[in-house]
Amino acid sequence: MPAPVQFYFDFISPYGWFASKRVEDIARRHGREVDWNPMLLGVSVLKVMGLKPLLDTPLKGEYVRRDVRRTARKLGLALGRDLDAPIMNPLPAARALCWVKQYQPHLQAATVHAFYDACWTHGIDLSGVDAVLAHVPPGVDAARLTEAMAGDEPASLLRASVDASLAAGVFGSPTVVVDGEPFWGYERLPDVEQWLATGGW
């Protein structure tokens, strides 16, 4: 089997949400699976790169607000989150996903979709552990996850995931890596598909 397509994302990223809706179909058409890798824009953008969040950046922020709404309309997605609401704390959702990926890996995609849809389709703030636990998909061992979230393991798993993303050169959400070749941004998905089809250029 060819190596999985590596998908790096942050739950606070609307572009990550958009890409999450398409990346599995792209991978499947080329005989690949998707490996879901949570990263943190608060680490890569704010701490490592020293940049402001997109929506706080003059000129670019207003463009992003327009573009997110436009892209949601194009994809037929209901955008339930106010783009000017306080930024959600992504740590609880990302930690829960890391635990699912470790112990129930066959449910990692369903977990990503459940959390993304809760946040961006329904406008639910997943900043708290209780909110995250209320939106795990069917099949996730909620009792074990609840117990785990009270301990340190999910945080350790997320730190390892973030460190791995930085080591791979990932700085933005979404980033798709195909056989070591990185593609940053939702608008690069056509390039991802062409790279998979042709083997690169």
Side-chain angles (χ1 to χ4, degrees), residues 1-55 57 59-61 63-77 79 83 87 90 93-94 97-98 101 105 108-113 115-117 119-121 158-201:
M1 289 290 292
V5 170
Q6 302 293 324
F7 183 74
Y8 295 87
F9 65 97
D10 189 327
F11 284 115
I12 66 172
S13 165
Y15 293 104
W17 174 47
F18 297 148
S20 74
K21 298 290 190 181
R22 296 184 56 197
V23 67
E24 287 174 291
D25 286 341
I26 291 172
R28 192 178 298 115
R29 282 195 288 272
H30 301 281
R32 306 279 186 124
E33 295 183 349
V34 176
D35 187 25
W36 305 86
N37 299 283
M39 50 85 71
L40 295 174
L41 291 170
V43 174
S44 65
V45 173
L46 275 65
K47 293 184 178 180
V48 176
M49 298 170 67
L51 301 176
K52 292 182 179 181
L54 276 179
L55 294 179
T57 303
L59 300 180
K60 184 180 285 186
Y63 173 82
V64 169
R65 287 176 178 87
R66 177 185 292 269
D67 187 55
V68 167
R69 295 185 181 102
R70 178 175 61 202
T71 304
R73 292 195 303 270
K74 180 180 179 181
L75 296 177
L77 298 174
L79 179 62
L83 295 174
I87 296 176
L97 172 61
C98 286
K101 184 175 177 178
Q108 59 181 308
T111 303
V112 171
H113 295 310
F115 290 169
Y116 253 138
D117 286 346
C119 176
W120 288 99
T121 302
L158 177 58
R159 281 194 295 271
S161 182
V162 171
D163 289 345
S165 72
L166 294 173
V170 173
F171 57 87
S173 170
T175 297
V176 180
V177 180
V178 180
D179 301 331
E181 190 71 20
F183 298 86
W184 168 52
Y186 170 75
E187 68 277 8
R188 288 289 177 262
L189 289 182
D191 286 346
V192 170
E193 177 122 42
Q194 188 175 358
W195 192 275
L196 285 165
T198 64
W201 50 87

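When reading the values below, keep in mind they use all heavy atoms of this one structure, side chains included, and skip hydrogens, waters and symmetry mates.
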Heavy-atom closest pair, residues A93 and F115: O-CE1, 3.5 Å

Distance (rounded to the nearest 0.5 Å) between T121 OG1 and Y116 OH: 11.5 Å

Check whether any side-chain N or O of T175 sits under 3.5 Å from a backbone N or O of G172 as a donor-acceptor pair, and report yes or no. yes

Determine, stepwise, if the pair D67 / R70 fulfils salt bridge (Lys or Arg N to Asp or Glu O under 4.0 Å). CA-CA 5 Å; D67 187 55; R70 178 175 61 202; 2.7 Å; yes

Minimum heavy-atom separation for L55 and G61, please, with both atom names. CD2-O, 3.7 Å

Would you say the side-chain atoms of S165 pair up with the backbone N or O of V162, donor to acceptor, closer than 3.5 Å? yes

Test L77 against W17 for side chain to side chain contact (heavy atoms under 4.5 Å, CB included), laying out the working first. CA-CA 10 Å; L77 298 174; W17 174 47; 3.8 Å; yes

Just wondering, do F183 and L189 contact through their side chains at under 4.5 Å, heavy atoms? no

Atom CD of residue position E181 - does it have more than 12 heavy atoms of other residues, nucleotides or ligands inside 6.0 Å? yes

Side-chain touch L75/K21, heavy atoms, less than 4.5 angstrom: no

Any donor-acceptor pair under 3.5 Å linking the side chain of D10 with the backbone of S173? no

Do V170 and S44 come within less than 4.5 Å of each other through their side chains, counting heavy atoms only? no

Considering only heavy atoms from C-beta outward, does the side chain of V178 approach that of R32 to under 4.5 Å? yes

How far does OH of Y15 sit from CH2 of W184, to the nearest 0.5 angstrom? 10.0 Å

Are the side chains of L158 and L40 in contact, using a 4.5 Å heavy-atom criterion? yes

Going by heavy atoms in the side chains, are V112 and F7 under 4.5 Å from each other? no

Would the distance check show the side chain of Q108 and the main-chain N or O of P105 forming a donor-acceptor pair, the cut-off being under 3.5 Å? yes

Judged by atom type as modelled, is there a donor-acceptor pair below 3.5 Å linking the side chain of T111 to the main-chain atoms of L97? no

Any side-chain heavy atom of V5 sitting closer than 4.5 Å to one from L196? yes

Could you report the tightest heavy-atom contact between G16 and P174, atom names first, then the distance? N-CD, 3.7 Å

Taking all non-hydrogen atoms of both residues into account, name the closest pair between A109 and E24 and its distance. CB-OE2, 3.5 Å

After noting the C-alpha distance and the side-chain angles of E33 and D35, does the key distance pass the side chain to side chain contact (heavy atoms under 4.5 Å, CB included) rule? CA-CA 7 Å; E33 295 183 349; D35 187 25; over 6 Å; no

Aromatic ring proximity H113/W36, centre distance under 6.0 Å: yes

Between CG of L166 and CZ of F171, what distance do you get to the nearest 0.5 Å? 11.5 Å

Do other residues, nucleotides or ligands put more than 12 heavy atoms under 6.0 Å from L83 CG? yes

Between atom CD of Q194 and atom CZ of R188, what is the distance when rounded to the nearest 0.5 Å? 12.0 Å

Please give me the minimum heavy-atom distance between P90 and I12, naming the atom from each residue. CB-CG2, 3.8 Å

Within a reach of under 6.0 Å around CZ of R66, are more than 12 heavy atoms found that belong to other residues, nucleotides or ligands? no

Mutual orientation of the aromatic rings belonging to F11 and F9 [parallel < 30°, tilted 30-60°, perpendicular > 60°]: perpendicular

